[in-house]
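Just so you know, these numbers come straight off a predicted model, no measurement behind them.
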Amino acid sequence: MASDPSRYALPASFAETLWRGARCRCPRCGEGTLFRKWLKPVDGCAHCNLDISGQRADDFPAYIALFVTGHLLAPVLIFLVAELALGAMAIVAIIVPLAVVMLVALLQPSKGAVIGMQWWNGMHGFRKERLPDADEDAAG
């Protein structure tokens with residue numbers, strides 16, 4: 001049965017789960033693909049049969065992408081203004097396309113990581129699954 005955790009390479013940590021999701025892989029097995037289209041998750045993992053249809057990432061991935069993009073572009077913007085003394089139109093011509101590219105590039109990995117977080121925490125119909133060692137380490 002698909003619910004037997006010993007049949008899959010379960011992640012050992014929360015960070016590994018987030019990394020699997022950010023790579024657009026199933027958070028449980030790390031093998032199956034997480035998306036059938038750019039931001040449309042599959043209903044279930046083809047490798048381990050994890051039901052992904054209950055995920056509720058909603059707007060959180062967009063907030064993550066905006067937060068990361070803003071923090072990465074702030075030093076670039078400061079450099080362009082302070083060191084290169086570029087005009088406003090030149091700065092806009094550089095920053096706006098760069099921001100759009102970064103946001104688009106970060107949306108899918110952010111959504112995958114949010115789905116991984118939901119799976120790890122047993123949210124929205126996911127069942128908490130842990131390696132036996134992880135349970136003992138958390139208890140001790």
Donor-acceptor list for residues 100-117 side chains, cut-off 3.5 Å, not counting sequence neighbours:
unit_1: Q108; atom_1: NE2; unit_2: W38; atom_2: O; d: 2.6
unit_1: S110; atom_1: OG; unit_2: L106; atom_2: O; d: 2.7
unit_1: K111; atom_1: NZ; unit_2: L39; atom_2: O; d: 2.9

Exercise for review: Provide the full list of salt bridge (charged side-chain N to carboxylate O under 4.0 Å, His left out) pairs with a residue in residues 60-79, sequence neighbours left out, each pair given once.
Suggested key: none
Check your understanding: What are the two closest non-hydrogen atoms of G32 and H47, and how far apart are they?
Key -> N-CB, 4.0 Å
Review point. Is the closest side-chain heavy-atom distance between Q118 and Q55 below 4.5 Å?
Key: yes
Revision key, fill the gap. Separation between CG (L34) and CD1 (I52), nearest 0.5 Å, reads 5.0 Å
**Study point:** R127 NZ/CZ over W119 ring centroid, <6.0 Å and within 45° of normal
**Key:** no
Exercise for review: Return the set of residues passing side-chain contact (heavy atoms from CB on, under 4.5 Å) with I94 (not counting sequence neighbours), or none when no residue passes.
Suggested key: L80, L86
For residues 14-23, which side-chain donor-acceptor pairs fall under 3.5 Å, sequence neighbours excluded?
unit_1: E16; atom_1: OE1; unit_2: A12; atom_2: N; d: 2.9
unit_1: E16; atom_1: OE2; unit_2: R20; atom_2: NH2; d: 3.2
unit_1: T17; atom_1: OG1; unit_2: S13; atom_2: O; d: 3.1
unit_1: R20; atom_1: NH1; unit_2: A9; atom_2: O; d: 2.9
unit_1: R20; atom_1: NH1; unit_2: P27; atom_2: O; d: 3.3
unit_1: R20; atom_1: NH1; unit_2: R28; atom_2: O; d: 2.7
unit_1: R20; atom_1: NH2; unit_2: A9; atom_2: O; d: 2.6

**Study point:** Contacts of type side-chain hydrogen bond (donor to acceptor under 3.5 Å, both in side chains), residue D51, not counting sequence neighbours
**Key:** S53
Practice item. Check whether any side-chain heavy atom of F126 sits under 4.5 Å from a side-chain heavy atom of N121, and report yes or no. Key: no
Review point. Within a radius of less than 6.0 Å around CZ of F35, do more than 12 heavy atoms belonging to other residues, nucleotides or ligands occur?
Key: yes
Review point. Hydrophobic cluster mates of I78, side-chain heavy atoms under 4.5 angstrom, ILVMFWY only, any path?
Key: none
Point to revise | Connected via hydrophobic side-chain network under 4.5 Å: L10 and M123 | key: no
Review point. By side-chain contact (heavy atoms from CB on, under 4.5 Å), which residues pair with K40, not counting sequence neighbours?
Key: R36, K37
**Study point:** CG-CG distance between L66 and D59, expressed to the nearest 0.5 angstrom
**Key:** 10.0 Å
N/O donor-acceptor pairs under 3.5 Å from side chains in residues 68-75, not counting sequence neighbours:
unit_1: T69; atom_1: OG1; unit_2: A65; atom_2: O; d: 2.8
unit_1: H71; atom_1: ND1; unit_2: F67; atom_2: O; d: 2.8

